[in-house]
Participant: 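Provided herewith is a single structure, encoded as structure tokens, for subsequent inquiry.
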Amino acid sequence: MRLQGKVCLITGAGKGIGAATAKVFAREGAIVEIAEVDIQAANSVVEEIRAEGGSAFATTVDVTEIMSIEAWIRLVMERHQRIDVLFNNAGISSVGKLHEIGRESWDKVMAVNVTGVYLVSKEVLPAMIEQKNGVIINMSSCIAEIGLARRAAYAATKGAILSMTKSMQVDYAPYNIRVNALLPGTIFTPFVEDYLKRSYEDPTAAIDTLKQRQLGKELGRPEDVAEAALFLASSESRYVMGAGLAVDGGVTAGKPY
Ligand SMILES: NC(=O)c1ccc[n+]([C@@H]2O[C@H](COP(=O)([O-])OP(=O)(O)OC[C@H]3O[C@@H](n4cnc5c(N)ncnc54)[C@H](O)[C@@H]3O)[C@@H](O)[C@H]2O)c1
């Protein structure tokens, strides 16, 4: 039990990587608190965790809405009086060349992927500073380090997260708070399925194109990232600070040919 009794907050854990992480954390003894806009999806993750004897709660939260975040953190503090881990996972995609991206869509992806991490962290940090202990994991992407066609806005958000993570680490190291980022490659989740449907006439054939970008034979599974999140959340990574951990099937390691 690598997270026994730890209060772990995960945003966007109704589906995909967040849902897989909630289950892995609960299996390791964590008390999981999920913040989601899709409360139905979050509730079914909670039910699944409880059915297996784990501990989990779900709250309707939009990470761009400060009032809903404040209410969530108040509830979490009333319930547990502490916060050990925050996984800023919620995120949305944005596809298009820079000149094709409308202002509304630019603002939306910035709001969820960057401002959302700022707002939730801002509300959680006072508790961690007071405890002089905590772990924050921010969801970046391998796209923070390499260019990819038609992803300018999304890439900008994930690059911002990686930079923010390093500066946060510098500021909060004196309080024994570790801040790291995850940089996944292509993980097969509803997020990627949606992107494939919107971007390609033949989504199945497109999967082969995605595989050609990486060194590993298969696309990533949500559990691959969840296990990396577990490592960053647990004390096994106590000497890992301000790092960006690639979980990308070798996309950023080099070209296969
Ligand atoms: N899937 C990939 O290939 C991949 C690769 C690199 C990084 N990521 C990042 O991982 C994270 C999770 O991705 P995923 O593939 O699991 O996505 P997903 O779409 O499967 O799940 C994301 C969840 O976040 C929730 N969410 C969206 N906006 C929200 C908001 N404003 N407030 C609260 N919750 C909100 C959604 O309802 C959804 O349940 C994202 O930040 C994404 O950018 C994904």
Side-chain angles (χ1 to χ4, degrees), residues 3 6-28 30-52 54-80 82-94 107-125 127 135-141 154 157-158 161 181-182 184 187-195 221-223 225-226 228-230 232-233:
L3 296 176
K6 300 275 183 200
V7 178
C8 299
L9 279 55
I10 312 178
T11 65
K15 291 190 272 300
I17 296 167
T21 307
K23 291 176 209 169
V24 166
F25 280 17
R27 185 194 71 201
E28 293 294 334
I31 300 159
V32 176
E33 285 279 357
I34 297 175
E36 250 294 350
V37 279
D38 185 347
I39 195 65
Q40 260 183 310
N43 280 337
S44 40
V45 174
V46 166
E47 273 171 38
E48 224 180 297
I49 290 174
R50 288 183 181 168
E52 286 174 16
S55 175
F57 305 85
T59 308
T60 306
V61 178
D62 181 336
V63 298
T64 67
E65 296 292 338
I66 187 65
M67 303 264 278
S68 70
I69 300 167
E70 282 172 350
W72 178 47
I73 300 306
R74 250 195 324 271
L75 185 69
V76 167
M77 288 303 287
E78 275 165 23
R79 211 149 35 204
H80 316 290
R82 59 181 295 106
I83 298 171
D84 297 296
V85 176
L86 166 65
F87 182 15
N88 283 307
N89 164 76
I92 57 169
S93 71
S94 165
D107 287 346
K108 178 103 201 276
V109 72
M110 287 290 162
V112 177
N113 294 9
V114 183
T115 311
V117 173
Y118 153 69
L119 290 174
V120 178
S121 303
K122 190 172 155 61
E123 292 307 308
V124 165
L125 275 160
V135 172
I136 298 182
I137 305 164
N138 292 330
M139 183 56 99
S140 178
S141 163
Y154 181 70
T157 68
K158 296 303 182 182
I161 292 303
L182 281 168
I187 312 299
F188 204 70
T189 64
F191 179 93
V192 167
E193 273 183 273
D194 175 57
Y195 152 73
R221 298 166 303 132
E223 291 73 20
V225 186
L230 171 62
L232 291 179

Participant: Got more than 12 heavy atoms from elsewhere within 6.0 Å of CZ, Phe191?
Facilitator: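 Check passes, neighbour count above 12.
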
Participant: Could you grab the distance from atom CZ of Phe87 to atom CG of Leu182, nearest 0.5 Å is fine?
Facilitator: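 Taking CZ in Phe87 and CG in Leu182, the distance rounds to 5.0 Å.
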
Participant: Hey, does Leu125 have a side-chain heavy atom less than 4.5 Å from the side chain of Ile136?
Facilitator: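 SC-SC contact between Ile136 and Leu125 confirmed.
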
Participant: Considering all heavy atoms of both residues, which atom of Ala13 and which atom of Ile34 are nearest to each other, and what is their separation?
Facilitator: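 Looking at all heavy atoms of both residues, the closest pair is CB-CG2, 3.7 Å.
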
Participant: Quick one: pull up CD1 in Ile92 and OG1 in Thr157 and give me the separation to the nearest 0.5 Å.
Facilitator: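 Going from the CD1 atom of Ile92 to the OG1 atom of Thr157 covers 8.5 Å.
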
Participant: So do Met139 and Asn113 actually touch side chain to side chain, heavy atoms under 4.5 Å?
Facilitator: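 Side chain of Asn113 against side chain of Met139, heavy atoms only: no contact under 4.5 Å found.
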
Participant: Taking the side chain as every heavy atom from C-beta outward, state whether Met77 and Ile73 have any pair of such atoms under 4.5 Å apart.
Facilitator: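 Yes, their side chains come closer than 4.5 Å.
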
Participant: Would the distance check show the side chain of Ser44 and the main-chain N or O of Ala41 forming a donor-acceptor pair, the cut-off being under 3.5 Å?
Facilitator: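 Yes, because the side chain of Ser44 sits within donor-acceptor range (under 3.5 Å) of the backbone of Ala41.
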
Participant: With sequence neighbours left out, write down each residue that passes side chain to side chain contact (heavy atoms under 4.5 Å, CB included) with Asp62, or none if nothing qualifies.
Facilitator: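 Partners of Asp62 by the side chain to side chain contact (heavy atoms under 4.5 Å, CB included) criterion, ordered by chain and then number, come out as Val37, Thr64, Glu65, Ser68.
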
Participant: For the pair Glu36 (side chain) and Ala42 (backbone), establish whether a donor and an acceptor sit closer than 3.5 Å, ignoring hydrogens and angles.
Facilitator: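 Checked: no pair found.
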
Participant: Roughly how far apart are Thr59 OG1 and Ile39 CD1, rounded to 0.5 Å?
Facilitator: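 Answer for the OG1-CD1 pair, Thr59 versus Ile39, is 6.5 Å.
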
Participant: Ignoring hydrogens and angles, tell me if any N or O in the side chain of Asn88 forms a donor-acceptor pair with the backbone of Thr11 under 3.5 Å.
Facilitator: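 Checking the backbone N and O of Thr11 against the side chain of Asn88, no donor-acceptor pair under 3.5 Å is found.
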
Participant: Looking at side-chain heavy atoms only, is the closest gap between Val135 and Asp84 below 4.5 Å?
Facilitator: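 They are not in side-chain contact.
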
Participant: Verify, without hydrogens or angle tests, whether Asn89 (side chain) and Gly12 (backbone) share a donor-acceptor contact under 3.5 angstrom.
Facilitator: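 Between the backbone of Gly12 and the side chain of Asn89 there is a qualifying donor-acceptor contact (under 3.5 Å).
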
Participant: Quick one: pull up OG in Ser93 and OH in Tyr154 and give me the separation to the nearest 0.5 Å.
Facilitator: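 The OH atom of Tyr154 is 7.5 Å from OG of Ser93, to the nearest 0.5 Å.
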
Participant: Are side-chain heavy atoms of Lys6 and Phe25 found at a separation under 4.5 Å?
Facilitator: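 Not in contact.
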
Participant: Hey, could you give me the CG/CD distance between Leu75 and Glu33, rounded to the nearest 0.5 Å?
Facilitator: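 Here the interatomic distance stands at 6.5 Å.
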
Participant: Drop me the distance from Thr115's OG1 to Lys108's NZ, to the nearest 0.5 angstrom.
Facilitator: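 If we round to the nearest 0.5 Å, Thr115:OG1 and Lys108:NZ are 12.5 Å apart.
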
Participant: Phe188: which residues meet the ring pair (Phe, Tyr, Trp, His ring centres under 6.0 Å) condition with it, sequence neighbours left out?
Facilitator: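 By the ring pair (Phe, Tyr, Trp, His ring centres under 6.0 Å) rule, Phe188 matches no residue at all.
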
Participant: Please determine if Lys23 and Glu48 form a salt bridge, counting it only when a charged side-chain N lies under 4.0 Å from a carboxylate O.
Facilitator: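 A salt bridge is present here (some side-chain N lies under 4.0 Å from a carboxylate O).
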
Participant: Quick one: does any side-chain atom of Ser140 pair with a main-chain N or O of Lys158 as donor and acceptor, under 3.5 Å?
Facilitator: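 Looks like yes, one N/O pair under 3.5 Å.
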
Participant: Is there side-chain contact between Lys15 and Thr189, with at least one heavy-atom pair below 4.5 Å?
Facilitator: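 When only atoms from C-beta onward are counted, Thr189 and Lys15 do not touch, as no gap falls below 4.5 Å.
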
Participant: Minimum heavy-atom separation for Ala229 to Ile137, with atom names?
Facilitator: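 Scanning both residues completely, I find the closest heavy atoms to be O-CD1, 3.5 Å.
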
Participant: Please name the pair of heavy atoms, one in Ile49 and one in Ser55, separated by the smallest distance, quoted to 0.1 Å.
Facilitator: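 Of all heavy-atom pairs spanning Ile49 and Ser55, the closest is CG2-N, 3.8 Å.
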
Participant: Considering only heavy atoms from C-beta outward, does the side chain of Val76 approach that of Phe57 to under 4.5 Å?
Facilitator: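 Side chain of Val76 against side chain of Phe57, heavy atoms only: no contact under 4.5 Å found.
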
